[in-house]
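First comes the structure, then the notes that go with it.
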Amino acid sequence: MVFKVGIIGFGKIAQDQHLPAIRSNPNFELTAVASQRGLTPDEAKHTFTDYREMLREVPDLDAVAICTPPQVRHAIARDVLEAGKHVLLEKPPAATLSELEDLRRIAGEMGKVVFTTWHAQYNRGVDVARDTLAGRTVRRLLVTWKEDVRHWHPGQQWIWQAGGFGVFDPGINALSIVTKIMPQPVFIKQSVLQFPENRDAPIAASLKLSTGTEGADLQAVFDWRQTGPQTWDIEVDCEGGPLLKLSHGGRRLEVDGSLVVEEGDDEYPEIYRRFETLLASGRVEVDDAPFRLAADAFMIGRRVQVEAFDDDPAQGGH
Ligand code: NAP
């Protein structure tokens with residue numbers, strides 16, 4: 001079966017990843033796009049500036065990928081589910097946990113699929129790490145997620161607004177790997193959030209985590225001010241070994257210093273293969289574990305004000 005899919009929000013991730021992933025999968029057809037700016041790829045038969053019009057005018061649409069900023073995702077996803085369409089949610093899946101719970105409920109009532117995508121989880125290195133860690137006791141976890149916001153989010157203002165998640169926009173990718181590979185549930189015990197004085201979202205965060213194992217040292221550091229080489233690493237040390245190092249956001253895995261997995265980027269094609277399976281079976285897949293950790297980090301976070309940050313160097317920024 002070929003699923004007719006629509007995209008809402010034709011920004012960076014829709015163009016860079018969703019479009020090629022849909023193009024490369026013969027079981028999906030991009031039928032419609034709703035873009036406020038009126039952007040559209042050639043193959044979309046229908047384009048709209050208002051997604052509600054898309055839902056009314058294209059009744060044979062099976063599913064919709066919502067690629068907007070998270071602040072508006074819940075209201076849009078509700079409308080899409082209530083119009084009887086399946087939903088794929090970009091990460092983070094909503095702005096709050098209650099909104100996500102509401103989408104899970106509506107999907108159940110409507111008999112539709114809702115799928116929370118956590119793209120970093122779709123790396124084979126992550127699966128191998130999870131299998132290697134199963135049943136072990138973790139003594140040390142160090143997550144280092146440091147990147148250059150100017151490079152990865154050029155001109156995006158929503159990430160700096162409340163509900164835009166700030167450095168947790170990439171940091172939640174690390175948390176989505178942590179929740180997938182750790183053999184025990186993980187909790188946030190301490191959180192320090194650095195807010196630039198001119199922004200409503202953090203530019204850096206340091207977290208202390210716990211699984212309840214006494215003496216274990218579990219930490220995560222996120223920073224958006226890293227220029228030069230970018231770091232997306234997770235090290236895990238177990239009692240009695242082994243020592244794992246996931247790097248390149250999960251694409252490379254070393255176990256006790258030996259390279260076990262090194263692969264290219266296949267995250268979004270994998271997401272659409274998973275979506276296909278869910279659509280065929282009608283199963284809802286809502287993984288809220290990474291989202292809960294991010295929410296907890298904000299809930300118990302100590303706020304520290306740091307110097308103003310301007311992402312446009314031409315306007316006198318850093
Ligand atoms: P973006 O480039 O700013 O694109 C988001 C698009 O959503 C906008 O271009 C706009 O497109 C639409 N939009 C903006 N405000 C809207 C509103 N109020 N109502 C409806 N539509 C609105 O951002 P992005 O980087 O693609 O990120 C979108 C989501 O994907 C985020 O949740 C992000 O975490 C996730 N993501 C991003 C990346 C990445 O590398 N950038 C990677 C993985 C996941 P139109 O004008 O076409 O409507």
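Indexing begins at 1, ligand by ligand and atom by atom, following the structure's order. If you read the sequence from its start, that first residue is 1, and numbering goes on from there.
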Quick look: Gln17 vs ligand 1, heavy-atom contacts under 4.0 Å, and the answer is neither

The closest protein heavy-atom partner of atom 28 (C) of ligand 1 is Cys67 O, 3.4 Å

Could you say whether the N/O atoms of Ile13 and ligand 1 ever approach to under 3.5 Å?
yes

Using 4.0 Å as the upper bound for N to carboxylate O, is an ion pair formed by Glu254 and Arg252?
yes

The protein heavy atom nearest to atom 34 (O) of ligand 1 is Asp169 OD1, 2.6 Å

Geometric class of the Trp158/His153 ring pair [parallel <30°, tilted 30-60°, perpendicular >60°]:
perpendicular

Pairs of nitrogen or oxygen atoms closer than 3.5 Å, one from Tyr268 and one from ligand 1: do any exist?
no

Decide yes or no on salt bridge (Lys or Arg N to Asp or Glu O under 4.0 Å) for Arg136 and Glu239, but give the supporting numbers first.
CA-CA 7 Å; Arg136 297 184 189 272; Glu239 199 163 280; over 6 Å; no

Atom CD of Gln184 with >12 non-hydrogen neighbours under 6.0 angstrom
yes

For atom 16 (C) of ligand 1, what is the nearest protein heavy atom, given as residue, atom name and distance?
Gln36 OE1, 3.4 Å

Regarding Gln226 and Thr231, do their side chains bring together a donor and an acceptor under 3.5 Å, going by distance alone?
yes

Under a plain distance cut-off of 3.5 Å, with no hydrogens placed, do His119 and Glu90 share a side-chain donor-acceptor pair?
no

Say whether Gly9, considering both its backbone and side-chain N or O atoms, lies within less than 3.5 Å of an N or O atom on ligand 1.
no

For the residue pair Phe28 and Phe3, does the interplanar ring angle fall in the parallel (under 30°), tilted (30 to 60°) or perpendicular (over 60°) class?
tilted

Check this for me - ligand 1, His153, N or O atoms closer than 3.5 angstrom, yes or no?
no

Look only at interatomic distance and state if Trp152 has a nitrogen or oxygen under 3.5 Å from any nitrogen or oxygen of ligand 1.
no

State whether a side-chain donor-acceptor pair under 3.5 Å links Asp148 with Gln230.
no

Which protein heavy atom lies closest to atom 44 (C) of ligand 1, and at what distance to 0.1 Å?
Glu90 OE1, 3.2 Å

Give the atom numbers and elements of ligand 1 that come within less than 4.0 Å of a heavy atom of Pro70.
32 (O)

Would you please determine whether Trp158 falls within less than 4.0 Å of ligand 1 on a heavy-atom basis?
yes

Val72 touching ligand 1 at heavy-atom level, < 4.0 angstrom
yes

What residue and heavy atom of the protein are closest to atom 46 (O) of ligand 1, and at what distance?
Arg37 NE, 2.6 Å

Going through the distances and angles, do Asp169 and Lys91 end up as a salt bridge (Lys or Arg N to Asp or Glu O under 4.0 Å)?
CA-CA 8 Å; Asp169 181 79; Lys91 49 77 28 175; 3.5 Å; yes

I'd like to check which ligand 1 atoms, numbered from 1 as shown, lie under 4.0 Å from a non-hydrogen atom of Phe10.
11 (O), 45 (P), 47 (O)

Rounded at 0.5 Å granularity, tell me how far CD in Glu270 sits from CG in Asp266.
5.0 Å

Under the criterion salt bridge (Lys or Arg N to Asp or Glu O under 4.0 Å), I'd like the reasoning laid out for Arg105 against Glu109: C-alpha separation, chi angles, the key distance, then a yes or no.
CA-CA 6 Å; Arg105 178 187 62 78; Glu109 281 174 13; 2.9 Å; yes

Distance filter under 4.0 Å to Pro92 heavy atoms, resulting ligand 1 atoms
32 (O), 34 (O)

Among non-hydrogen protein atoms, atom 35 (C) of ligand 1 lies closest to Lys91 O, 3.4 Å

Name the orientation class of the two ring planes belonging to Trp232 and Trp152 (parallel below 30°, tilted from 30 to 60°, perpendicular beyond 60°).
perpendicular

Only heavy atoms of His119, strictly under 4.0 Å: list the atoms of ligand 1 that pass.
43 (C)

Return the residue, atom name and 0.1 Å-rounded distance of the protein heavy atom closest to atom 1 (P) of ligand 1.
Gln156 NE2, 3.5 Å

Could you tell me the residue and atom name of the protein heavy atom closest to atom 47 (O) of ligand 1, and the distance to it rounded to 0.1 Å?
Ser35 OG, 2.6 Å

Just jot down the ligand 1 atoms closer than 4.0 angstrom to any heavy atom of Arg73, in number order.
32 (O)

Are Glu263 and Arg251 ion-paired here, with the side-chain N under 4.0 Å from a carboxylate O?
no

